[in-house]
Structures are given as structure tokens and as C-alpha cells.
Amino acid sequence: MKLANSHLSYCSNIHPGEAWKDHFQELKNNLPKIKAAVSAEQDFGLGLRLSAQAAKELSQPQALKDFQDWLKQNHIYIFTMNGFPYGDFHIKEVKDKVHAPDWTSTERFEYTKNLFDILAQLLPEGQEGGISTSPLSYRFWHEQHTPEWQQKRDICTKHILLIAEHLYQKEVNSSVYMHLDIEPEPDGMLEDSREFIAWYSQELIPMASEFFKEKYKLDEDQAKAIINRYICLCYDVCHFALEYEDHQQSMDELEKLNIKIGKFQVSSALKVTLAEDPDKRAIQKNKLKEFNEPIYLHQVIAKDSEGNLIKYKDLPDALNDSNDANHVEWRSHFHVPIFLESYGELDSTQGDILKVIELHKEKQRTNHIEVETYTWGVLPKSLQAPIEESIARELNWLLNKLRN
């Protein structure tokens, strides 16, 4: 739905269905109820997530027409898509497979191009569109700081550059403006705003300058303008909270470099301020064990008493580490409901969401806002409710915060 100059919705990656007919059925089952609870009198936007299989099937003219007709009949529109998970996002174990295939592959490149071709046909006339994607690759698939590491990064960067060219040509030919939104996350090849900015400035821009000079006879400023327009940042609040980012500082740096925020993904991580008392600390860790499920990665970033960050690849690694006496806080990559600040012994990073909202209300940072809590099905039973009720409650909570 539209709120001032921003469009707000949730991401459909919470709904299963890797085949298009299955995912479409999930949308039919849930979206009308969510719209009625959130946006009964106004058109409702959706952040669509398609697997590679579903994207291929939806590309067929009749399937696309049927979906367009259904959207129109139900007063729903698409303005953003999630192109991060390529394959099945609801299998028994996703973990690091969420990055596969990565941006070193032609499969990831072709999948993303196909998503943009679909989005161009779904966007309302004159509406800007965006697609979020992985932070190039999973860090631990490669040996860092080696010639191979840089070679892999160069391949990823070239594929991103070719997407920028695709979007540039698409806008020239059809006047449809869309952007690719890179989503840093813990243990990604691009992990935080600092790494994203360094890659963007020191690798992407120089490669683009050479490419557009040679192929289109454009100068450095023109090439940079193309990249700034079509390659943006997906600002996932959960991911940046996990990294203990200073949101004001990060946004100021992005603005200074003319790097656009293509989308806010509004999500909340688990947070625990560790008690000094060993018995209380043990209770906190036992509570965290309730969130130790086998499907998704739940990286943990600890902060010690001197402000150093200690990183764990997954929640069990942190829980099994006995050398943590000087840790004062843990944050875990588990998307929890954004409307809850506390879970008894545990807290959330809801404060980071409120800070980002405050900064957005001071000065509009993006046109796209998408709630992305995809873990409803694996939350502890005490936090689960019918999915359409949970999504509507999150959206209404966020709407209230944005309006007041």
C-alpha cells in the first residue's frame, strides 16, 4: 500500500510453493485476508518472491495474464521482489544453500534477469520496481584474501554490472525504471555497510567505468550515474542490527556517495544482554535453545566488554562455546516478530527498526518498505499464530509507527 511517497508490504517468501501454481494458491489463500485487515479501502502492495522454477513457469504468457487479472480483481499490485533465495526456501535444511547458486554463476544472472522481465510486466504504470539479491556469495565457500577470492569477486561484479546494463537498456526502450538491491548479511561475501560501500566504490564503479567507456563511449561520470541508478542497497534492518551498525552514520555515508537505498527490509533479530550471574546466564542460553532449529542459518555476533565483535556461523556454535565469560551481548540472525520488544529473558532489536523509521521520517530514504519475517513456521510454539493474522499484525504495527 502507498503511504506518503513510500510503498509498504511484506515479502511472500513466508509462503511455501516452489512451483508457481503452488505459490499462487498460497497467495490466493492468504493475501485477501491480509489486505482486508491492513488495507481494506486502498490497493495493497506485495513483495513477491519467486523461486527459479516458479519464475520460469510464471514467464509463460497465459500464467502471467492469469496472475495480472487476479491482481487487478483483488486490488493488489507488485512493486518489489525478493530474488535472494533461488531454490526451495522451505526444505528441511536451507542454511548456506540460500546463497546457491551465487553470483559467480550464469544461473544466478539469468534468474535475476528473468525476474526483472517479469517485474517489468507486473509493475503499475509509472511505478519504480526493485529486486533484492544475495551479497554476491557465501563467505566461507571461498578462501578469503587469496587470488581466487578476488577472481570470484570479479566474476560476481561483472554479472552485477551486466544486470545494470540490462536495466539501463530496459529503461531506454520501455521507460520502466527498476533497480537491483544488494542485501549484505552476516557471513555473506558482503557482510555489512562498510564492506558493501568498499566493494561498490573500489570494485563495481571502476569496472563499470571501463565497461561503459568501451561499449557505449560514456565517460566516468556517466558510467557512475548508471551504476548509482540501477545498483542499490537493500537495507535489511535485522542484518545491520546484527552487525551493531550505527544507522545514522551508515545512511550518511551512503548519501555522501550517492548510493541509493532501494528497499528497507524491516525485520528484527534476537538480542540478549548477558547476565553476569552464571545461573541467570544459563537460563538465558536455555531460552535461546528454543530458537535453535535446523532449517535456516542463525549466525550469532557477540560483543565483549571491550566492544570487540566475536562471530559464530550458527547458533549452536555460540551455545557450545564455553569461552564467553567476557561477552556482554549476543545478537542472533533469527527473524522474530517486529511488534515484540521482549521475550522474557530475551529481547529483540526492535529499537533498530524504530531508529530507522525515525531517520526515514526525518528524510525519505527509500520508496520501498518490505516486512520480512520468514520464520513464522519455525518460531517457538508460544509465538506462533495463524499466518495471515501474524503478517497483518506486523504490517499494522509498522503502519502505526510510520504514521505517528
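Counting heavy atoms of neighbouring residues, nucleotides and ligands inside a 6.0 Å radius, atom CD of E306 does not exceed 12 of them. The environment of K158 atom NZ is sparse: at most 12 non-hydrogen atoms of other residues, nucleotides or ligands sit within 6.0 angstrom.
Listed by chain and number, the residues in a side-chain contact (heavy atoms from CB on, under 4.5 Å) with S175 amount to none (sequence neighbours excluded). Partners of F264 under the ring pair (Phe, Tyr, Trp, His ring centres under 6.0 Å) rule, at least two apart in sequence or in another chain, are Y235, H360. Annotation: side-chain contact (heavy atoms from CB on, under 4.5 Å) contacts of P186 (sequence neighbours excluded): E191, H239, L242, E243, Q299, I301. Residues that satisfy the ring pair (Phe, Tyr, Trp, His ring centres under 6.0 Å) test with H166, not counting sequence neighbours, are absent from this structure. With sequence neighbours excluded, no residue satisfies side-chain contact (heavy atoms from CB on, under 4.5 Å) with E210.
E255 and K363 are joined by a salt bridge, as a carboxylate oxygen and a charged side-chain nitrogen come within less than 4.0 angstrom of each other. Between K113 and D117 there is no salt bridge, since no side-chain N of the basic residue sits under 4.0 Å from a carboxylate O of the acidic one. Ion pairing of K152 with E143 is absent here, as no side-chain N (NZ or NE/NH1/NH2) approaches a carboxylate O to less than 4.0 Å. Under 4.0 Å is where a charged nitrogen must lie from a carboxylate oxygen, and between D181 and K260 no such pair does. Note on K97 versus E93: salt bridge recorded, some NZ/NE/NH1/NH2 to OD/OE distance being below 4.0 Å. One finds a salt bridge joining D324 and K285 here, because a Lys/Arg side-chain nitrogen approaches an Asp/Glu carboxylate oxygen to under 4.0 Å. Salt-bridge annotation for R194 and E245: absent, with no side-chain N of the basic residue lying under 4.0 Å from a carboxylate O of the acidic one.
Ring-plane geometry between W70 and F67 is classed as parallel, the angle between the planes falling under 30 degrees on a 0 to 90 degree scale with a further cut at 60. Aromatic ring pairs are classed by plane angle as parallel below 30°, tilted from 30° to 60° and perpendicular above 60°; the pair Y296 and H298 is perpendicular. Aromatic ring pairs are classed by plane angle as parallel below 30°, tilted from 30° to 60° and perpendicular above 60°; the pair Y10 and F44 is tilted.
Remark: the H23 side chain and the S12 side chain contain an N/O donor-acceptor pair separated by less than 3.5 Å. E110 and N114 are not linked by any side-chain donor-acceptor pair at a separation below 3.5 angstrom, with hydrogens and angles left out of the test. E165 and Y230 are not linked by any side-chain donor-acceptor pair at a separation below 3.5 angstrom, with hydrogens and angles left out of the test. Of the N and O atoms on the side chains of K263 and T366, not one donor lies less than 3.5 Å from an acceptor on the other residue. If you check the side chains of E253 and Q249, you find no donor sitting under 3.5 Å from an acceptor. Under the 3.5 Å distance criterion, with hydrogens and angles disregarded, a donor-acceptor pair is assigned to the side chains of Q62 and D66. Judged purely by distance below 3.5 Å, without hydrogens or angles, the side chains of W20 and S51 never pair a donor atom with an acceptor atom. Using modelled atom types, one finds a donor on one side chain and an acceptor on the other under 3.5 Å when comparing T157 with W199. Defined by atom type and a distance below 3.5 Å, a donor-acceptor pair is missing between the side-chain atoms of E370 and S9. Residues E394 and T373 bring a donor and an acceptor atom of their side chains to less than 3.5 Å of each other.
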Item to complete: Evaluate the salt bridge (Lys or Arg N to Asp or Glu O under 4.0 Å) criterion for residues D69 and K65: first the C-alpha distance (whole Å), next the side-chain angles of each, then the deciding distance (0.1 Å), finally the verdict.
Response: CA-CA 6 Å; D69 290 345; K65 183 182 184 304; 2.9 Å; yes
Fill in: CA sep, side-chain torsions, deciding dist, call: F79, H368, ring pair (Phe, Tyr, Trp, His ring centres under 6.0 Å)
CA-CA 8 Å; F79 64 92; H368 294 169; 4.9 Å; yes
Practice prompt. Report the C-alpha distance between D102 and Y138 in whole Å, list the side-chain angles of each, state the deciding distance to 0.1 Å, and finish with yes or no for side chain to side chain contact (heavy atoms under 4.5 Å, CB included).
Written response: CA-CA 8 Å; D102 65 13; Y138 183 61; over 6 Å; no
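Figure legend: cation-pi geometry between R229 and Y168 absent, as NZ or CZ is not positioned both under 6.0 Å from the six-membered ring centre and within 45° of its axis. For the pair K28 and F24, the cation sits on the ring face: its NZ or CZ lies under 6.0 Å from the ring centre, inside 45° of the axis.
Applying ring-ring contact (aromatic ring centres under 6.0 Å, His included) to Y111 and the options Y86, W103, F116 leaves one that passes, Y86.
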Output side-chain donor-acceptor pairs under 3.5 Å for residues 124-131, partner residues at least two apart or in another chain, one line each.
| residue | atom | partner | partner atom | Å |
| --- | --- | --- | --- | --- |
| Q127 | OE1 | H7 | NE2 | 2.9 |
| E128 | OE1 | N367 | ND2 | 2.7 |
| E128 | OE2 | H179 | NE2 | 2.6 |

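Using modelled atom types, one side-chain atom of Q42 and one backbone atom of K2 make a donor-acceptor pair closer than 3.5 Å.
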